[in-house]
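Just so you know, these numbers use all the heavy atoms, side chains as well, and skip hydrogens, waters and symmetry mates.
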Amino acid sequence: MATKKTYSAKDSALRFMEEMIMVIVTGGAGFIGSCIVRTLNDAGIPDILIVDNIACTDKWMNIRNKQYISYIHKSEFLSVLPSLDNVSAIIHMGGVFFNYRKKLRLFMEQ
């Protein structure tokens with residue numbers, strides 16, 4: 001009977017980093033997403049794909065000193081995703097901003 005080998009958290013992290021891996025961070029140019037990118041960098045993971053919508057914002061400043069493979073616009077992500085190899089994780093921090101005050105005001109007016 002084969003025994004299952006268990007790994008410590010440190011061993012698992014080392015094995016994870018030794019493999020050719022890529023981590024995708026959606027919303028990676030935002031404040032929280034860029035902090036996640038920094039944490040991944042600090043853990044020795046530079047192979048990161050940042051998905052976001054920088055547009056005319058100052059979000060680019062959040063990723064200017066981070067290590068990552070590439071930035072792609074969020075509108076291109078789903079078409080690019082099937083062609084990506086060695087994706088080990090997708091950290092989804094991207095979101096849609098809703099102006100709840102405006103929505104509530106419109107609701108109350110109707």
Side-chain angles (χ1 to χ4, degrees):
M1 179 193 306
T3 59
K4 184 177 178 182
K5 186 172 182 178
T6 59
Y7 297 96
S8 69
K10 182 179 177 183
D11 290 338
S12 295
L14 289 172
R15 290 182 69 236
F16 183 75
M17 292 186 317
E18 287 172 357
E19 297 174 13
M20 292 296 294
I21 62 164
M22 180 173 30
V23 177
I24 298 172
V25 181
T26 66
F31 177 73
I32 295 171
S34 66
C35 290
I36 290 171
V37 172
R38 167 57 65 207
T39 301
L40 292 168
N41 288 167
D42 291 346
I45 302 171
D47 296 340
I48 301 167
L49 176 64
I50 295 175
V51 179
D52 211 314
N53 178 17
I54 292 178
C56 297
T57 67
D58 289 336
K59 284 184 177 182
W60 66 270
M61 294 175 66
N62 293 334
I63 59 173
R64 71 182 184 275
N65 58 353
K66 311 296 189 289
Q67 292 180 317
Y68 56 96
I69 296 171
S70 186
Y71 159 84
I72 64 168
H73 190 272
K74 67 179 187 175
S75 65
E76 300 171 7
F77 177 57
L78 291 180
S79 63
V80 171
L81 184 60
S83 66
L84 299 175
D85 293 328
N86 299 324
V87 175
S88 296
I90 298 175
I91 301 173
H92 179 53
M93 298 305 300
V96 178
F97 174 76
F98 290 103
N99 186 331
Y100 288 105
R101 285 185 181 173
K102 183 177 178 182
K103 297 277 186 194
L104 181 59
R105 183 176 48 83
L106 290 172
F107 176 76
M108 295 300 284
E109 288 175 358
Q110 295 178 2

### Task
Give a yes or no on whether the backbone of Q67 and the side-chain of N41 come within a donor-acceptor separation of less than 3.5 Å.
yes

Which side-chain N or O atoms in residues 22-37 pair as donor and acceptor under 3.5 Å with protein atoms at least two apart or in another chain?
from: T26; atom 1: OG1; to: H92; atom 2: ND1; distance (Å): 2.6
from: T26; atom 1: OG1; to: M93; atom 2: N; distance (Å): 3.1
from: T26; atom 1: OG1; to: G94; atom 2: N; distance (Å): 3.2
from: S34; atom 1: OG; to: G30; atom 2: O; distance (Å): 2.9
from: S34; atom 1: OG; to: F31; atom 2: O; distance (Å): 2.9

### Query
Going from CD on E76 to CG on L81, what distance comes out if it is rounded to the nearest 0.5 angstrom?
13.0 Å

### Query
Any side-chain heavy-atom pair from Y71 and I54 closer than 4.5 angstrom?
yes

### Task
Identify the heavy atoms of N53 and H73 that sit nearest to each other, and give their distance.
OD1-NE2, 2.9 Å

### Query
Taking side chain as C-beta onward, heavy atoms only, is I69 less than 4.5 Å from D47?
yes

### Query
Taking NZ, NE, NH1 and NH2 as the nitrogens, is one of them in D52 or K59 under 4.0 Å from a carboxylate oxygen of the other?
yes

### Query
Looking at side-chain heavy atoms only, is the closest gap between W60 and D58 below 4.5 Å?
yes

### Query
Taking the side chain as C-beta and beyond, is there a heavy-atom pair between S70 and I72 under 4.5 Å?
yes

